[in-house]
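Quantities reported herein were computed from a predicted structural model and do not represent experimental measurements. Labels below follow one simple rule: chain letters A, B, ... track the order of the sequence lines, proteins then strands, and each chain is numbered from 1.
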Number of protein chains: 2
Amino acid sequence: MVSEIDKEIIEILKKNARASFAEIGRKIALSPSSVRERVQKLEDLGVIKAYNIKLNHAMLGSGLEVFVMLKIFDGKLNYILSEITTYPEVQEVFRITGPYNIHMRVALRDQLHLQEFIDELIKYGSPCTYLILSELKKEEVL
Amino acid sequence: MVSEIDKEIIEILKKNARASFAEIGRKIALSPSSVRERVQKLEDLGVIKAYNIKLNHAMLGSGLEVFVMLKIFDGKLNYILSEITTYPEVQEVFRITGPYNIHMRVALRDQLHLQEFIDELIKYGSPCTYLILSELKKEEVL
DNA sequence: GGTGAAAAGTTCTACGC
DNA sequence: GCGTAGAACTTTTCACC
């Protein structure tokens, strides 16, 4: 269902999601229309779910990035699942196994903003916060 | 340094990183060349760090996605920092504060693959693993 | 599944405001 | 900063293999 050629295309898009079909085609010796057809199929199948950007939040006024895990109080799960994604500070949310039910990555202006955000969360669960110091870049494997 | 117009462009690219300059320009009433100029500037400044894709790892044969935190053993930090990004299973790595030093998202084939991965990690630190059940999609705020 | 060709659309560059 | 205009390139569609 996903061939080796598809995986090569995915590898190229992982490095640069804005690569043109023509550019991808040149790298893997395939015509632009064939590349387009394959990418379309990967999108339709749901293998490629979205095209994102990676931002420098510090430069956008949110210099404090944190992971927050949340142990939800009884009966608050459905409320949290629908509301948590609406906070502009929240970048990503996952349901996880273990002592915490929710894992999220959050971008905040400063300590005060973090405090306000935690004050919101503790209505619905017990949060546990880890400051993000830096992200390590994946090696170019070529 | 980053204007309101820049932020609008970023919001559009967040939803679809492959949006063309012309398409973005139509949405915010700006010519394609102006959009291009602004995006270029955001890339050069490092505000936009990369263009990524979000994949369905299950469809690519890695149905098991986990967060792993790692408490590094004395003297192993520099080794881990340089080596951990080379594992194909590792999708993202962050240095964090708190009882664990490293936070990563990992995609694996199955339980056995997870076990093998953990066996690798425990040479360098104490891991703590959380299974990812699902990702919650951010609401479209329009 | 793949190509190639033609029309439509986009990007890029240079220049003027 | 923005717009326009033209050349170069890319996307898209489609007929054909």
### Query
Can you find a side chain N or O atom of A:S34 that sits less than 4.0 Å from OP1 or OP2 on C:dG1?
no
### Message
As a test of understanding, state which of A:V66, A:L121, A:T85 forms a side chain to side chain contact (heavy atoms under 4.5 Å, CB included) with A:M104.
### Response
A:L121
### Query
Which nucleotide in the list C:dC12, D:dT12, D:dC2 gets nearest to the side chain of B:F21?
C:dC12
### Query
Would you call B:K138 and A:E92 a salt bridge, using N to O less than 4.0 angstrom?
no
### Query
Is A:V35 linked to B:I53 within one hydrophobic cluster, defined over Ile, Leu, Val, Met, Phe, Trp and Tyr using a side-chain heavy-atom separation of less than 4.5 Å?
yes
### Task
Assess whether one donor atom and one acceptor atom, taken from the side chain of B:S33 and the base of C:dT11, lie less than 3.5 Å apart.
no
### Query
In whole angstroms, how far is the C1' atom of D:dG1 from the CD1 atom of B:I9?
12 Å
### Query
Whole Å only: how far is the CD1 atom of A:I28 from the C1' atom of C:dG2?
12 Å
### Query
Which whole-number value in Å describes the distance from A:I24 CD1 to C:dG2 P?
14 Å
### Message
Any base atoms under 4.0 Å from A:S20, or only sugar-phosphate, or nothing? Heavy atoms, all strands.
### Response
sugar-phosphate
#### Entry: Spacing of A:I5 atom CD1 relative to C:dT3 atom P, expressed in whole Å
9 Å
### Task
Can you figure out which of D:dT10, D:dC14, D:dC2 approaches the side chain of B:L30 most closely?
D:dC2
### Pair B:E11 + B:K14: basic N to acidic O under 4.0 Å
yes
### Task
Round to a whole Å and report the spacing from CZ of A:R38 to C1' of C:dG1.
7 Å
### Query
Once you round it to whole Å, what is the distance between C1' of C:dT11 and CZ of B:R18?
14 Å
### Query
Rounded to the nearest 0.5 Å, what separation is found between the NZ atom of A:K49 and the CG atom of B:L55?
8.0 Å
## Note on the structure
Checking D:dC2, C:dT11, D:dT11 against the side chain of B:R36 (C-beta onward), the nearest is C:dT11
### Nearest-Å distance for atom pair CD/P, residues A:E37 and D:dC14
13 Å
### Query
D:dC2 P sits how many Å from B:D6 CG, rounded?
8 Å
